[in-house]
Protein chains: 4
Amino acid sequence: MARPKSDDKRSAIMVAAMRVIVKQGLSAPTAVIAKEAGVANGSLFTYFPTKADLFNQLYLELKLGMAAASLQEVPTNGSLREQFSKMWSNWMRWAMAEHDKRRALALLGVSDDITRETRMSAHQAMVHIAALMERSRANGPMRDAPLGLVGALMNSMAEATMDFMAQDPVNADAHSKVGFDALWRMLG
Amino acid sequence: MARPKSDDKRSAIMVAAMRVIVKQGLSAPTAVIAKEAGVANGSLFTYFPTKADLFNQLYLELKLGMAAASLQEVPTNGSLREQFSKMWSNWMRWAMAEHDKRRALALLGVSDDITRETRMSAHQAMVHIAALMERSRANGPMRDAPLGLVGALMNSMAEATMDFMAQDPVNADAHSKVGFDALWRMLG
Amino acid sequence: MARPKSDDKRSAIMVAAMRVIVKQGLSAPTAVIAKEAGVANGSLFTYFPTKADLFNQLYLELKLGMAAASLQEVPTNGSLREQFSKMWSNWMRWAMAEHDKRRALALLGVSDDITRETRMSAHQAMVHIAALMERSRANGPMRDAPLGLVGALMNSMAEATMDFMAQDPVNADAHSKVGFDALWRMLG
Amino acid sequence: MARPKSDDKRSAIMVAAMRVIVKQGLSAPTAVIAKEAGVANGSLFTYFPTKADLFNQLYLELKLGMAAASLQEVPTNGSLREQFSKMWSNWMRWAMAEHDKRRALALLGVSDDITRETRMSAHQAMVHIAALMERSRANGPMRDAPLGLVGALMNSMAEATMDFMAQDPVNADAHSKVGFDALWRMLG
DNA sequence: CATGAATGAGCGTTCATTCAT
DNA sequence: GATGAATGAACGCTCATTCAT
């Protein structure tokens, strides 16, 4: 288990990084992150060898959390639509509840610091979601479309919906439904 | 009037900025941009008072170019689907042909340097596209969805499709069609 | 006569320099001075080869003007004290009337740009004043003190008095009198 | 506590600043000051947040040192003239011994970087000297003159005397005496 | 000669990372 | 291991001066 030193501090730094990234962007100084985490400037580097490492690990953790939240209590015996719908609403709910996490994730997602490896690992976390999507399009008009493209389209629609919900939280539920229906129509 | 401020130089700096941004990201030094443009370090600042100004103007110009390219030769007398389809394929073709422009645009789009004003001006450039979309959904299932959300969804699907095309250029046309069909299904 | 080009522009630049120095200090950009003078950036350098040259000439001119103002209407047949007193009040009046000139002069006086030569030329302008002072101390307690030191003391007292008058213009005349009486007591 | 901020380094930077200011003026690069102090470029900014802060603190420290030196061993039981005379000769001696400090102080004194607060704090350091002066003029011809003006006159005479002593160090003592006698005559 | 764009050295400050304590 | 001072490369921007028009 690559979990040296104090786990508390490690996660404190991660949480701090997330918050600071939201507030100040990716160019936020490590010193600010350390202060927010309540640790010394240099201590950050005993937990993460470089700033980029911190960002990569944070990206992965956030993505994992997002995937886990999306899959919570998805009924295994319901119809495909019911399963997918539950997953979607979990996803959207997470985005609203964990606004900062999502903001940070969005920023990290476009950072040059995030390596291909990290992105691929993150992708792994989405396999269950991907599988659900795969089954949902299996008999529809996109049955022959490349899976990657379908996934990318789904993902982009989710992002767009989240952004819109965030801008107009009062009607978040309605927007979520519009997004899901649009997706479902696309698939099929 | 002495050497008048040359439009050539101005656009050389813009083009250089675009290229350098693609290669090095938004944190590319102004000195590198200037060198790529073949002008002195300080000359950049006779054309753009700050780096942020350069970025804003570049963003706007690229967006305008994209919008113009998308609307080229869109038949005004054809069916709505024909018009929309032509616009979409223009858009995708532009994205493939002007790969660097698109990359730069994507990076600039998430920059904190781009002001609300610039974003709003850029939005203006898209009104014709938005109008086409508006008409396309008018009688379909999204007729009551917020226009902003529909636009965001369309935009995100276009982006996703472009990204995928860029990764697999050989089948770009097929992917473009998948994307358009997906969008059309979503709208109605 | 070393007075090439347009004399108007030359003096416009000088006046502008004086004003800008007062407002912005000696580090004011030449571009700002040029704009204030209503001439082009580069034109400044056809009249003054360097910024330092401009400053030196300005210093000299201001000093000359100050000396001339101080000597105006000094009675040649009155008592020494009357002459000296007239000179002093001229000096103080000039300082109040030409506040900007004095401010600029003070700033220029401590600048490294002002050469020894310039300072010596400026000193030349003060010979009449010096002579008056020389005669005033001739029979007094300072008769054996170095002339330079006596001059420096007088000058410093004048400066101090001017500064104080500028801070409290309402009582300027009273302060002027205090300064003169102090000086006269010192001399003798 | 890791390497604590060392007072040695702090004062090394101050001393370096003083020397460099004397040699190069107030526009001396911070990099030069740092090098002269034997620290890295950036280290200067761990001790002083800005160049202006460094200058303000240096100004204050020099002024404090000057005041302290002036008051050393001033007899509390002697006549007023004896006390004042001792103070004056201390002052002049300091100016000769600490020529660089005085030069730096003079330059800093006219800098825009020195804030009103700093100047007021520095003024505080001079209260004892001011008190001595106050008593010295109490029964003389300047008894009704504004205290500020009297102080300014004294100060300016001291400066002028110092300058002259510096130019002709061989006769420094004689010049000092001339200056003091002149001041005493002025006061009454 | 007037103009103002072009030049590039130079500066104050930041910040990821290292290292003495 | 924890701390935070030390480091120095890097950057955006300025400005005196030059020079093409």
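In this text the structure is predicted, and so the values were computed from the model without any measurement. Each chain gets a letter, A, B and so on, in the order its sequence line appears, and its residues count up from 1.
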d(CZ, A:Arg10; P, F:dG1) in whole Å: 15 Å
Identified stems (criterion: three or more consecutive Watson-Crick or G-U pairs, under 3.5 Å), DNA chain F: E:2-21 with F:2-21
Pairs under 3.5 Å (N/O, protein and nucleotides 6-8 of chain E):
unit_1	atom_1	unit_2	atom_2	d
E:dA6	OP1	B:Lys9	NZ	3.3
E:dA6	OP1	B:Tyr47	OH	3.0
E:dA6	OP2	B:Thr46	OG1	3.4
E:dA6	OP2	B:Tyr47	OH	3.2
E:dT7	OP2	B:Ala40	N	3.1
E:dT7	OP2	B:Ser43	OG	2.8
E:dG8	N7	B:Gly42	N	3.2

Validation row: B:Leu54, B:Ile33 side chains within 4.5 angstrom (heavy atoms): yes
5′-ward residue of the pair C:Thr50/B:Ala31 relative to DNA chain F: B:Ala31
Within-4.5 Å side-chain heavy-atom neighbours: C:Phe48 and C:Met14: yes
C:Met18 CE to C:Leu108 CG distance, which is reported to the nearest 0.5 Å: 10.5 Å
Side-chain touch B:Val15/B:Arg19, heavy atoms, less than 4.5 angstrom: yes
Contact list for DNA chain E against residues 13-30 of chain A - heavy-atom distance below 4.0 Å: A:Ala28, A:Pro29, A:Thr30
Lys/Arg N to Asp/Glu carboxylate O, C:Glu61 vs C:Lys101, below 4.0 Å: no
Atom-to-atom span, CG of C:Asp7 to P of E:dC1 - whole angstrom: 14 Å
Pairwise side-chain contact, D:Ser121 with D:Lys63, heavy-atom cut-off 4.5 Å (strictly under): no
Rounded interatomic separation in angstrom, taking CG from A:Asp8 and C1' from F:dA2: 15 Å
Rounded distance in Å - CG (D:Leu54) to P (E:dC11): 16 Å
Main-chain N/O of D:Asp113 paired to D:Asn56 side chain as donor or acceptor, under 3.5 Å: yes
Distance in angstrom units between D:Lys35 NZ and E:dC11 C1', rounded: 15 Å
OG1 on A:Thr115 to CE on A:Met120, rounded to 0.5 Å: 10.0 Å
Nearest-Å distance for atom pair NZ/C1', residues D:Lys51 and E:dT14: 17 Å
Validation row: B:Thr46, B:Val39 side chains within 4.5 angstrom (heavy atoms): no
Whole-Å gap separating P (E:dG12) and CZ (D:Phe48): 15 Å
Side chain to side chain contact (heavy atoms under 4.5 Å, CB included) assessment of A:Glu159 paired with B:Glu159: CA-CA 12 Å; A:Glu159 299 277 343; B:Glu159 299 276 342; over 6 Å; no
Nucleotide E:dC11, atom P - distance to CZ of D:Phe45 in whole Å: 12 Å
D:Phe55 vs D:Thr118, side chain to side chain contact (heavy atoms under 4.5 Å, CB included): CA-CA, chis, key distance, verdict: CA-CA 10 Å; D:Phe55 279 8; D:Thr118 299; over 6 Å; no
